[in-house]
Amino acid sequence: MRIVIVDSYADMSVTAARLVRNAIVERSRLVLGLATGGTQVGMYRELVRMHKEEGLDFSGVITFNLDEYLGLGPGDPTSYYTYMHENFFNHVNVKPENIHIPDGKTLDPEATCRAYEEAIAAAGGIDLQILGIGVNGHIGFNEPGTPFDSVTRPVNLTRSTILANKRFFLSEDMVPRRALSMGIKTIMNARRIILLASGRGKARAIAGTVEGPVTCELPSSVLQLHPDVTLIIDREASSLLRGRYRVQGTEDSPGLAAEV
Ligand code: GLP
């Protein structure tokens, strides 16, 4: 696991966008797994800037989003579909047919999830998966207790996630209780993973992810078992790490970079 500790949310966003850019430059037909949440907004903003000002070309990129609220979709201001289009897809040249987001409006969630797994396999698997992290260590919407062999499926959200995400809704009652989410196994099958975290609220989850036991009670801890994971975290999110991390600056990590 490579840990990149940066000074600020802005540095985290730029660092992550540069790694995504490098991956696209290396492989124009990149299969890119995408995440939502407040954490990712700055990275999308920087990728849009790279597209508009530097000509970063997304025309070959195939995207798969991690999750969607069950019951929400296009036309719902709080759906992840809307988030992705407003923050990213409407401003870059990803081909609409290459965009995949679980269909939260489906009448057959199980079949939709099976088809999603098949679409990922048909695309050749995910080359690079971007992740955020919940305060309870969830990745995607894989809540504590999720088995590590889980694949894309309908899930129930925990109270902690409903409370954390209510800020995006008019009231707590309006936060959907269920979602469709890639599973832990789906995520772990990605060839490379980048996880972003910002702020003190994520510090406990990050400490457990890096230094805690691998347990399904903290889903993100499974990442210790993946061969190619980079955490890009700001100082606040890193504040409960106990280990001493070696400073190791690189061109793509403007802050302190360290490796465990
Ligand atoms: C949601 C998403 C996760 C995301 C998490 C963190 O629950 N399903 O994929 O990682 O929120 O969100 P934020 O970045 O807003 O803290």
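As the structure lists them, so they are numbered: ligands from 1, and atoms in each ligand from 1. As the structure is a prediction and not an experimental result, all values here were calculated from the model.
- Between V222 and M188 the shortest side-chain heavy-atom distance falls below 4.5 Å.
- By the side chain to side chain donor-acceptor pair (under 3.5 Å) test, R114 is found to be paired with no residue, residues two or more places apart in sequence or in another chain being considered.
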Could you go through ligand 1 and note, for every N or O atom, any protein N or O atom closer than 3.5 angstrom, writing the atom names and distance to 0.1 Å, or 'none'?
residue  : atom   : partner : partner atom : Å
ligand 1 : 7 (O)  : H138    : NE2          : 2.9
ligand 1 : 7 (O)  : N165    : ND2          : 3.2
ligand 1 : 8 (N)  : D67     : OD2          : 2.7
ligand 1 : 8 (N)  : G140    : O            : 3.4
ligand 1 : 10 (O) : I133    : N            : 3.2
ligand 1 : 14 (O) : G38     : N            : 3.3
ligand 1 : 14 (O) : T39     : N            : 2.9
ligand 1 : 14 (O) : T39     : OG1          : 2.4
ligand 1 : 15 (O) : G38     : N            : 2.7
ligand 1 : 15 (O) : R167    : NH2          : 2.7
ligand 1 : 16 (O) : K202    : NZ           : 2.7

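- E236 and S198 are not linked by any side-chain donor-acceptor pair at a separation below 3.5 angstrom, with hydrogens and angles left out of the test.
- Of the N and O atoms on the side chains of N165 and Y69, at least one donor lies less than 3.5 Å from an acceptor on the other residue.
- Not a single side chain to side chain donor-acceptor pair (under 3.5 Å) links S238 to another residue, sequence neighbours left out.
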Sequence neighbours excluded and cut-off under 3.5 Å, please list the side-chain donor-acceptor pairs for residues 59-66, or say none.
residue : atom : partner : partner atom : Å
S59     : OG   : D57     : OD1          : 2.8
S59     : OG   : D57     : OD2          : 3.1

